[in-house]
Protein chains: 2
Amino acid sequence: MNTDALVRQARQLFDDYLKAHRLRRTPERFAVLETLYRTNNHADAEEIYRQLRRRRYAISRATVYNTLDLLVKCELAVRHQFEPHLARYERAYGSRQHDHLICLNCRQVVEFCDPRIHAISTRMGELFGYRISGHSLILYGYCSNCQSQNHHAKPSAKSSVNDLPKSAP
Amino acid sequence: MNTDALVRQARQLFDDYLKAHRLRRTPERFAVLETLYRTNNHADAEEIYRQLRRRRYAISRATVYNTLDLLVKCELAVRHQFEPHLARYERAYGSRQHDHLICLNCRQVVEFCDPRIHAISTRMGELFGYRISGHSLILYGYCSNCQSQNHHAKPSAKSSVNDLPKSAP
DNA sequence: CTTCATGCAAACGATTTGCATGAAA
DNA sequence: TTTCATGCAAATCGTTTGCATGAAG
């Protein structure tokens, strides 16, 4: 998977979408798209904002948020809520549907696919008369690396107490 | 399932936990426990707070939050993040493990079980060398009732624009 | 009497919003 | 020239925190 080619295609799709919806094709919007598509996945708004700033690209947080919303709307991005108070974004074009496995200590995210999830969706939809439009499956645990070490060790520099989800696990 | 009996048992477990950890057995803490266990499930902190207030029980929001955290810690409650910016709590004693199906229009929550989820957890844990400690599966869709009506109709009085999760589906 | 939980109000932090400016069409 | 997106700062809102008071032990 050539990143440049992927970015070019995503740009084209975004351009088409903006045209079709009579929205403005501003450089800021394309900059956010490109940053998301070139960033290691699962970035939050602040990461995208800082990455653009690091490249001395002048943009405001508000525009980053607006554009991410737009990208979700046109299905070029997916929004995830892995933990409370922090939305993470992932590119949606050029990658197949998958779910996530998260390490509660180092927060590493692994992606996986399992056809049984789709089967469960369909089955429950029928059972309860719902028209299913999507799902979110997150497995929580400790990666092999963190299992060897002490789980209660300080999380890596980037993270803080608030980073660990209080939900689910 | 007799609610009174359930509450009594949960109270006992909480009492034991507080004693064992040398924490104070205050009336506020038991009031929150009881409210959670008597409330239709999936209540948020504000609902619990208002319910206590409605019964003219004087308590502060801070205490409600503190106690809910405590209940999660001692595994008498589970915290869910069905939507951004709002944690919901569910009693954990006296109900078996299950997952959730949520209507994107009326926000009704249905619970379901499917053994395949456990199988998936185990399989992925092995595959990636993770020790799995929990999971969260949420199916999003439209319930039969909301399918007949217009999905874009105003959500019910209690909810607002912000209520609909922007993530996942 | 000595903690420790409570209540209040202020602080927090991610996200949203209102409005004036400036760029896209 | 006419929108409409941007940038900024202020507002929002669920949740957390600091500190003085009061109750549990």
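Here is how names work: the chains are called A, B, and so on, in the same order as the sequence lines, proteins then strands, and each is numbered from 1.
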Please list, for nucleotides 21-25 of chain C, all pairs of protein and nucleotide N/O atoms separated by less than 3.5 Å.
from, atom 1, to, atom 2, distance (Å)
C/dA25, OP1, A/Arg25, N, 3.3

From [atom1] of [X] over to [atom2] of [N], roughly how many Å is that when rounded to an integer?
X: A/His85; N: C/dT16; atom1: NE2; atom2: C1'; answer: 16 Å
X: A/Leu70; N: D/dT6; atom1: CG; atom2: C1'; answer: 14 Å
X: A/Arg88; N: C/dA14; atom1: CZ; atom2: C1'; answer: 13 Å
X: A/Leu68; N: C/dT15; atom1: CG; atom2: P; answer: 9 Å
X: A/Lys73; N: D/dA5; atom1: NZ; atom2: C1'; answer: 13 Å
X: B/Asn66; N: D/dG18; atom1: CG; atom2: C1'; answer: 13 Å
X: B/Gln81; N: D/dT15; atom1: CD; atom2: C1'; answer: 11 Å
X: B/Leu18; N: C/dT3; atom1: CG; atom2: P; answer: 20 Å

Tell me every residue that passes side-chain contact (heavy atoms from CB on, under 4.5 Å) with B/Thr26, counting only those two or more places apart in sequence or in another chain.
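B/Thr26 satisfies side-chain contact (heavy atoms from CB on, under 4.5 Å) with B/Arg24, B/Glu28, B/Arg29 only.
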List the residues meeting side-chain contact (heavy atoms from CB on, under 4.5 Å) with B/Asp44, not counting sequence neighbours, and say none if there are none.
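B/Asp44 satisfies side-chain contact (heavy atoms from CB on, under 4.5 Å) with B/Glu46, B/Glu47, B/Leu86, B/Arg88 once adjacent residues are dropped.
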With sequence neighbours excluded, tell me which residues meet salt bridge (charged side-chain N to carboxylate O under 4.0 Å, His left out) with [X].
X: A/Glu34; value: A/Arg11, A/Arg38
X: A/Arg8; value: none
X: A/Lys73; value: none
X: A/Asp114; value: A/Arg116, B/Arg123

Between D/dC8, D/dG14, C/dT15, which nucleotide has the shortest distance from any of its atoms to the side chain of A/Arg53?
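Of the options given, the side chain of A/Arg53 lies nearest D/dC8.
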Which nucleotide wins on minimum distance to the side chain of B/Arg29, given the candidates C/dA5, C/dT16, D/dT15?
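Nucleotide nearest to B/Arg29's side chain: C/dA5.
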Examine distances only and state if a side-chain atom of B/Tyr37 and a backbone atom of B/Tyr93 form a donor-acceptor pair shorter than 3.5 Å.
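Indeed, once roles are kept as given, a pair shorter than 3.5 Å links the two residues.
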Under the 4.5 Å side-chain heavy-atom rule for ILVMFWY, direct or indirect, which residues accompany B/Val110?
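Cluster partners of B/Val110: A/Leu101, A/Val110, A/Phe112, A/Ile117, A/Ile120, A/Met124, A/Leu127, A/Phe128, A/Tyr130, A/Ile132, A/Leu137, A/Leu139, B/Leu101, B/Phe112, B/Ile117, B/Ile120, B/Met124, B/Leu127, B/Phe128, B/Tyr130, B/Ile132, B/Leu137, B/Leu139.
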Closest nucleotide of DNA chain C for A/Asp44 versus for B/Ala62: which of these residues is on the 5' side?
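The 5'-side residue here is B/Ala62.
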Should the pair A/His98 and A/His100 be assigned to parallel (<30°), tilted (30 to 60°) or perpendicular (>60°) ring geometry?
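Because their plane-to-plane angle is over 60°, the rings of A/His98 and A/His100 count as perpendicular.
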Just to confirm, is there a sub-4.0 Å distance from OP1 or OP2 of [N] to any side-chain nitrogen or oxygen of [X]?
X: B/Thr63; N: C/dG7; answer: yes
X: B/Tyr65; N: D/dT15; answer: yes
X: A/Ser60; N: D/dC8; answer: no

On DNA chain D, compare the nucleotides closest to A/Glu28 and B/Ala87; which residue's is nearer the 5' end?
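The residue mapped nearer the 5' terminus is A/Glu28.
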Side chains of B/Arg79 and B/Tyr89: any donor to acceptor distance under 3.5 Å?
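Judged by distance alone, the side chains do pair up.
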Rounded to 10 degrees, the angle between the two terminal axes of the helix from C/dC1-D/dG25 to C/dA25-D/dT1, each from five pairs
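The two end axes of the helix from C/dC1-D/dG25 to C/dA25-D/dT1 meet at 30°.
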